[in-house]
Protein chains: 2
Amino acid sequence: MSDLAAALDIVGARWALLIVERLLDGPQRYGDLQRDLGVPTNMLATRLRELEAAGVLLRLPLRHNTRAYALTDRGLALREAIVVLGNWGKNDA
Amino acid sequence: MSDLAAALDIVGARWALLIVERLLDGPQRYGDLQRDLGVPTNMLATRLRELEAAGVLLRLPLRHNTRAYALTDRGLALREAIVVLGNWGKNDA
DNA sequence: CGACCATGCTTGCAAAATGCAAGTAGCCAC
DNA sequence: GTGGCTACTTGCATTTTGCAAGCATGGTCG
């Protein structure tokens, strides 16, 4: 499996990169991600589980029954890829 | 829709980025892509149609009934994104 | 205490995407 | 005109995604 295929295995699923992009701004709660991204709740739960298992993010318990999702170093390392891909998407030519 | 979402709309589908990566080495024929990537033939046909429609690649007629698929400038502009994402996938930390 | 409410999910089921296998179509060599 | 090579298409099973509704936990307020 090529390096690219390995990467896509982790962040290639639908919504995965968008979730990570949102977390680049700092830790977010479940409801925030859901509302900001418009991702279906079952998909969000599934992706967060997968991304946590892959070491891209982790759960931070907050007070009450709330928690925040924050990127690990491995997750933060996706910033450049997200920026570059975003720039590509912005260009029309 | 964010820039990243726009990019994923084009190259976010399964196999799409892997096809583009393969074409970075130069034009390839249908059968080559199929064998090298192990992508199902109906998916390959679908993706090539979508990527052509998106202006990422184009068909070059060769002799007989063969053709080659080659990246456009827009497609070549994905090189950096693919390299960066590949590097991320390579790292274990 | 107990009815309410917010948050973070899980569950059931329909729709869409993906994958596998087999078949079709055009072209050339013989 | 038969056979082989290439590039697909087609039918159908499996998997993924999406929508809507429900459940669990903990706090709040009377």
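In what follows, chains are A, B, ... by sequence order, proteins preceding strands, each numbered from 1.
- The existence of a salt bridge linking Arg49(B) and Glu52(B) is excluded, since no basic side-chain nitrogen approaches an acidic carboxylate oxygen closer than 4.0 Å.
- For the contact set between residues 21-37 of chain A and DNA chain C, defined by any heavy atom under 4.0 Å, the members are Arg29(A), Tyr30(A), Gly31(A).
- Taking every heavy atom of residues 41-71 of chain B and every atom of DNA chain D, pairs under 4.0 Å involve Thr41(B), Asn42(B), Ala45(B), Arg49(B), Arg59(B), Asn65(B), Thr66(B), Arg67(B), Tyr69(B), by number.
- Between the C1' atom of dT17(D) and the CD1 atom of Ile19(A) lies a distance of 13 Å, rounded to the nearest Å.
- Using a 4.5 Å cut-off on side-chain heavy atoms (C-beta onward), Val56(B) and Leu23(B) make no contact.
- Annotation: side chain of Ile19(A) is in contact with side chain of Leu51(A) (closest heavy-atom distance under 4.5 Å).
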Trp88(B) and Val11(A): side-chain contact (heavy atoms from CB on, under 4.5 Å), yes or no, with the steps? CA-CA 11 Å; Trp88(B) 183 86; Val11(A) 294; 4.1 Å; yes
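- Between the side chain of Thr46(B) and the backbone N or O of Asn42(B) there is at least one donor-acceptor pair closer than 3.5 Å.
- The environment of Glu80(B) atom CD is sparse: at most 12 non-hydrogen atoms of other residues, nucleotides or ligands sit within 6.0 angstrom.
- Side-chain contact between Tyr30(A) and Leu48(A) is present, with heavy atoms from C-beta onward closer than 4.5 Å.
- One finds no side-chain N or O of Trp15(A) lying less than 4.0 angstrom from the OP1 or OP2 phosphate oxygen of dT16(D).
- Inspection of the Tyr69(B) and Arg29(B) side chains reveals no N or O donor paired with an N or O acceptor under 3.5 Å.
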